[in-house]
Amino acid sequence: MDYKKLAQLLFPDVDKTPEDLEALYPPRQLPEGAKVTRFAPSPTGFVHFGGMFPVRVAERLAHQSGGVFYLRIEDTDAMREVEGAAAALIRTLADYGIVFDEGASLAPDGSICDKGNYGPYKQSQRAHLYHVYAKMLVEKGLAYPCFTTEEELEQLHSTDKKAEIKNTDWEAEAEKRREEMLARRTFTMESVEENLKAGNPFVLRLLADGDGEKKIIVTDLVRGKLELPENEEDFVLLKSDGIPTYHFAHAVDDHLMGTTHVVRGEEWLPSLPKHLQLFRYLGFKLPKYMHISQIMRLDENGNKKKLSKRDMGANLDDYKRLGYCAETVVEYIMTLLNSNYEEWHAANPTAPFTDFAFNVKKMSVSGCLFDINKLNDVSKNVLSRMSADEVYDKITEWTSEYDKELYSLLVRDADYTKSILAIGRGGKKPRKDFTVWGDVRPYLDFFYDELFEIKDTLPEGTDMADARATLAKFADVYDESDDTNTWFEKIKAIADSLGYASDMKAYKADPTAFKGSVADISAYIRLAVTGKLNAPDLYTVMHILGRERTLARVSASL
RNA sequence: GGCCCCAUAGUCAAGCGGCUAAGACGUCGCCCUCUCACGGCGAAGGCGUGGGUUCGAUUCCCGCUGGGGUCACCA
């Protein structure tokens, strides 16, 4: 077979050689040890929570080493592409602090444009590049055309895509595929010419030289030495529309773009032999591989499952809607990615997470379960460390979209709102009232007259006369200029006057000796002022509300 | 089903031949306390299983079991 002729027949329009391309995309000039990584999503929908793990790793590796982190859009499957997904993806990622140095970027008008010298960064615009290498492979007799149509293939195989994969007779299937492959590999130049003349589409397949019985050893940076079977499948390089499959695009793009470290999900592990073979055929230097474990969830039967599309929390935008702030998600992911991150953060509470020395060796090999409890705990800590100003900015942003009523109240008097948010904030042991932004409303609604109402009720058996007497006495003695001690002494005095214990220790020693305690007295006042049995420090609350409103609420409950 | 990956408490995890097997979340109890939110102290709970190797295995090797992934002209 005259492979040169075959190649010319198949790719008559290709006039460049691999050498031409190498010249066009020279090696990057980067300092020693600088890593070039990428995120290469297909624009098929939202950003997946699980996807954040490899992205973060890739981002850290590049930026920690003074390298380059770029975005490549893998839009080789026109069928699945979702309009606007790429732009949305860039925005969402930016929300979480993932910014690219190079690659597909957002233009001011919202469209996608290229930034950098190694583009185009959309695979659909790179067909001419792939074809150069495709032609070379054909010339070398390492790839061949296959005119069997998709429909014919489907009829041939008993496997109906993945739906019925469990009911497949695997042995028969394997045998059938072997025969098919042999048949595919034997063809004549004449038949190719005929097919081309008839305008029949073809796919380009790699001529596999592997033996599935033999093993190859690869080193994965997180998993260590891996023993994988050689590839023996004549997999598709170019689809009938001339667009490459993932495998081929991966090899060509990551080579041309100078990727040093390929970071991707572990679901790619089984196809790694294909990639090794391809790189070898193409004469490309192999990048370092890192296969990141998947994040899992628990299904109805208590089994681990890959966190998949329709699961709650799979869409990164869900977290925003639910009121988790971006810092929380970043923090949670860092915690799972590097087991010593939490410890580091505890020791460096104010340092940005980018100061942390991310270490590949500290990464877990087994897939972990998504834990909402842990996320919530992380969130509480993150929010508690923020300043009142920061919280104000974020909560107004969130409510402007998800709670407009509260939003209008919060921004009416920013200083007032900030004074509320400052309660118990800033010290060594800050309050942790919020997990998500939705927690803010029930926490501080009583500070706004429009939302204030008596929500709780005093416990069964409460002497309402005492409650009223307490309020009356309190209204009489309340002086806004009292310091916190004086203020509380007055409340204790009310307790004593009504036969309630002013000293909690005395009360606990013998509860029967009193009608109640100063805790009950406080509860009467708290309910009148806040409408609730539980609230932050009453003294502070009253000062924020001001004398007038405090007393108005007290007398309203009389 | 073939192939591959994984295996320390409910969850995340230290450990890398000799330890009373860290720590965090969650759970429960106690303390602090005018309630709440913090904070402090404590408790329960773990090396999947069977063989090796070794003076000694959570740690190394093999089998088993379990879980996950993958087997497209999808990525």
Side-chain angles (χ1 to χ4, degrees), chain A residues 40-42 44 74-77 79-80 123 146 148-150 153-154 157 159 161-162 165-171 173-174 177 201-205 212 220 223 226-229 233 235-241 243-247 249-250 264-273 291 293-294 296 298 303-306 332 335-336 339-340 342-343 346 362 364-378 380 384 423-424 427-434 443 456 488 491-492 495 502 504 517-523 525-527 530 532-539:
Chain A
S42 56
T44 53
E74 310 230 327
D75 56 344
T76 54
D77 186 2
M79 298 293 287
R80 298 199 314 155
Q123 290 181 332
C146 167
T148 314
T149 65
E150 226 177 324
L153 266 182
E154 260 172 44
H157 295 275
T159 42
K161 292 290 163 73
K162 55 184 167 187
I165 212 153
K166 280 202 175 105
N167 303 324
T168 303
D169 179 346
W170 289 98
E171 283 211 18
E173 185 65 22
R177 291 194 181 204
F202 67 90
V203 300
L204 192 72
R205 288 180 184 273
D220 179 288
R223 295 168 178 265
L226 257 29
E227 208 172 85
L228 302 168
E233 185 192 336
F235 62 93
V236 173
L237 262 22
L238 248 29
K239 298 184 260 186
S240 53
D241 58 3
I243 299 294
T245 56
Y246 170 87
H247 312 297
H250 155 51
R264 58 181 17 170
E266 66 177 341
E267 70 272 21
W268 287 108
L269 228 31
S271 45
L272 187 52
H291 291 90
S293 306
Q294 295 278 318
M296 314 288 248
L298 240 34
N303 290 324
K304 279 188 181 180
K305 264 284 178 341
K306 187 163 108 176
Y332 179 59
T335 307
L336 289 181
S339 52
N340 55 330
E342 238 182 326
E343 192 186 339
K362 283 284 181 184
S364 178
V365 203
S366 47
C368 66
L369 223 43
F370 175 79
D371 185 359
I372 189 77
N373 281 324
K374 187 67 184 182
L375 176 75
N376 287 342
D377 182 65
V378 166
K380 276 187 175 186
S384 74
I423 299 173
K428 274 227 159 59
K429 297 168 183 173
R431 295 181 63 95
K432 297 179 179 173
D433 297 295
F434 312 139
Y443 170 77
D456 289 343
F488 195 55
I491 291 175
K492 281 180 161 179
S502 61
M504 286 306 286
S517 75
V518 69
D520 300 309
I521 298 296
S522 295
I525 302 172
R526 180 174 297 107
L527 186 66
T530 70
K532 296 174 206 178
L533 262 10
N534 300 326
D537 176 55
L538 249 188
Y539 177 81

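Across all strands, A:P430 comes closer than 4.0 Å only to sugar-phosphate atoms, never to a base (heavy-atom distances).
Side chain of A:V203, nearest nucleotide from B:rC5, B:rC73, B:rG15: B:rC73. For A:E266, counting side-chain heavy atoms from C-beta on, the closest listed nucleotide (B:rC34, B:rU70, B:rC5) is B:rC5. Side-chain proximity of A:L369 to the nucleotides B:rC38, B:rU11, B:rU70 is greatest for B:rU11.
Between A:D77 and A:R80, at least one side-chain nitrogen of the basic residue sits less than 4.0 Å from a carboxylate oxygen of the acidic one, meeting the salt-bridge criterion. At a threshold of 4.0 Å, the pair A:D433-A:R431 counts as salt-bridged, since one of the basic side-chain nitrogens sits closer than that to a carboxylate oxygen. By the 4.0 Å N-to-carboxylate-O rule, A:E233 lies too far from A:R205 to be salt-bridged with it.
Nucleotides of RNA chain B nearest to A:F370 and A:Y246 differ in position, and the one nearer the 5' end is that of A:F370.
Residue-to-nucleotide contacts include a donor-acceptor pair under 3.5 Å from the side chain of A:R431 to the base of B:rC36. Between the side chain of A:R526 and the base of B:rC34 there is at least one donor-acceptor pair of N/O atoms closer than 3.5 Å. Side chain A:D241 to base B:rC73: no donor-acceptor pair is found below 3.5 Å.
Whole-Å rounding puts the A:E233 CD to B:rA72 P distance at 7 Å. Here the P atom of nucleotide B:rG2 and the CG atom of A:L228 are 18 Å apart, to the nearest Å.
Pairing of B:rG26, defined by two Watson-Crick or G-U wobble distances under 3.5 Å, is not identified with any nucleotide.
A:S522 has no side-chain polar atom (N or O) that falls below the 4.0 Å cut-off from OP1 or OP2 of B:rU35. For the OP1/OP2 pair of B:rA13 and a distance below 4.0 Å, the side-chain nitrogens and oxygens of A:S364 include at least one atom meeting the criterion.
By the salt bridge (charged side-chain N to carboxylate O under 4.0 Å, His left out) test, A:R223 is found to be paired with A:E266, residues two or more places apart in sequence or in another chain being considered.
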